[in-house]
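By convention in this document, chain letters (A, B, ...) are assigned in the order of the sequence lines, proteins followed by strands, and residues within each chain are numbered from 1.
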Number of protein chains: 2
Amino acid sequence: MSEEQERVGALGPLVGYHLRRAFGAFAADFANAMDGTGMRQVLVGILAVVSGSPGINQGAVGRVLGIKRANMVSLINELVDMKLIERVVDPSDRRAFALTLTDAGRTMLTECLAKIEAHERAMLAGLSEAERATLLDLLGRIERREPAAG
Amino acid sequence: MSEEQERVGALGPLVGYHLRRAFGAFAADFANAMDGTGMRQVLVGILAVVSGSPGINQGAVGRVLGIKRANMVSLINELVDMKLIERVVDPSDRRAFALTLTDAGRTMLTECLAKIEAHERAMLAGLSEAERATLLDLLGRIERREPAAG
DNA sequence: TATTGTTATACTCTATAACTATA
DNA sequence: TATAGTTATAGAGTATAACAATA
């Protein structure tokens, strides 16, 4: 196996470096797995969140997924144009749009999740079930860590 | 702590999703840690690789770090403009440039690595030493996994 | 005042194709 | 022909500032 990957000098012991490389490998394989669906990581994420919280507005979806409001606009537009998401004015707050999946959206999400599970199995083939659980736990604790100052 | 982060529906059990979020948290804090230095993740990575393999050419640096040749050009230009890297024609292969760190480059790398170690300590404060080692091991095995088809 | 969605904008990262000069 | 570096370009992710409508 390529020795070049070993010559990372001072980067070797850095979790951040390996996180970047592992994330990159996952992202590339994910894009491959989505081939032909017209979907991307972020779009599937939005479908999953809307599926779990029907009627949610796009600002809230953004907060769940760590996407800025300004960047949500075109993403939601894409999904509406693809007829995967329905967007209606929320009667209880007329500034906001209530989002729900269309039937096509539910089908698409189901199909994507099946492809994603295969992609995850391939990427994690070298890890035992216990190791996958450990990885999920450790990553989760990094995400939810206490912010540095309050 | 924000309940919104929990409402990820089908994304919850996906390693790829949590890898994306943990990587995002690391990247944001890394950028913060580099404040005032003019450096970014990729630039520090290049300095570290050149430091470990003086005289290496930029294509090889790109292969080590997973950066395409075309994208290396402007990155190396940046580092040369900042006078952190020296680029001389390799006498043994006049197509290539041999890269080495300048004194300023060595100083910058040392300073950045100190900041990065503090950043890593902060990001991983909730993990024991054993857990950090486990995380490095698991991420490393994902990076170096066997490609799907040969 | 604060919030929702929006527009405009900019920077970075990533990717591909085509070119040159050397090997 | 293959490789090192380059140029041009395009798509995607991420960030901020400012605005209108509504709360």
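- For C:dT4, one of the phosphate oxygens OP1 or OP2 lies less than 4.0 angstrom from a side-chain nitrogen or oxygen of A:Arg63.
- Residue A:Phe23 contributes atom CZ, which lies 12 Å from atom C1' of C:dT14 at whole-angstrom precision.
- Between the side chain of A:Gln41 and the backbone N or O of A:Ala27, no donor-acceptor pair lies under 3.5 Å.
- Of the two residues near DNA chain C, A:Met72 and A:Ala28, the one whose nearest nucleotide lies more 5' is A:Met72.
- As rounded to whole Å, 7 Å separates atom P of C:dT14 from atom CD1 of B:Ile67.
- Side-chain atoms of B:Thr102 come within 3.5 Å of backbone atoms of B:Lys83 as a donor-acceptor pair (strictly under, hydrogens ignored).
- With hydrogens and angles ignored, the 3.5 Å screen pairs a side-chain donor or acceptor of B:Arg132 with a backbone N or O of B:Leu127.
- What separates CE of B:Met39 from P of C:dC13 is a distance of 11 Å, to the nearest Å.
- For the pair A:Ile76 and A:Arg20, both in contact range of DNA chain C, the more 5′-proximal nearest nucleotide belongs to A:Ile76.
- The shortest side-chain heavy-atom distance between A:Leu47 and A:Leu43 does not fall under the 4.5 Å cut-off.
- Using a 4.0 Å cut-off between charged nitrogen and carboxylate oxygen, B:Arg40 and B:Glu78 count as a salt-bridge pair.
- Note that CD1 of A:Ile85 and CG of A:Asn77 are 10.5 Å apart. Values are rounded to the nearest 0.5 Å.
- Bounding nucleotides for the chain A contact on DNA chain D, 5' to 3', at a heavy-atom distance below 4.0 Å, are D:dA12 to D:dA23.
- Each of B:Ala70 and A:Ala70 was matched to the nucleotide of DNA chain D holding its nearest heavy atom; the match closer to the 5' end belongs to B:Ala70.
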Problem - Working for salt bridge (Lys or Arg N to Asp or Glu O under 4.0 Å), residues A:Arg141 and A:Asp137 - result: CA-CA 6 Å; A:Arg141 282 157 63 192; A:Asp137 171 56; 3.1 Å; yes

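- The stretch residues 41-54 of chain B touches DNA chain C through B:Val42, each having a heavy atom under 4.0 angstrom from the strand.
- The nearest heavy atom of DNA chain D to A:Lys68 and to A:Arg40 marks one nucleotide each, and the one closer to the 5' end goes with A:Arg40.
- No side-chain heavy atom of A:Ile116 sits less than 4.5 Å from a side-chain heavy atom of B:Tyr17.
- Separating the CZ atom of B:Arg69 from the C1' atom of C:dA15 is a distance of 12 Å, rounded to the nearest angstrom.
- The CG atom of A:Asn71 sits 14 Å away from the P atom of C:dG5 (whole-angstrom rounding).
- In this structure, B:Asp90 reaches neither bases nor backbone, as no heavy-atom distance under 4.0 Å exists between it and the strands shown.
- Taking a 4.0 Å limit (strictly below) on heavy-atom distances, residues 91-98 of chain A reaches DNA chain C at A:Arg95, A:Ala96, A:Phe97.
- Between B:Val44 and B:Met34, the closest side-chain pair of non-hydrogen atoms falls below 4.5 Å.
- In terms of modelled atom types and a separation under 3.5 Å, the side chain of B:Ser53 and the main chain of B:Ile56 share no donor-acceptor contact.
- Here the side chain of B:Thr107 pairs a donor or acceptor atom with the backbone of B:Asp103 at under 3.5 angstrom.
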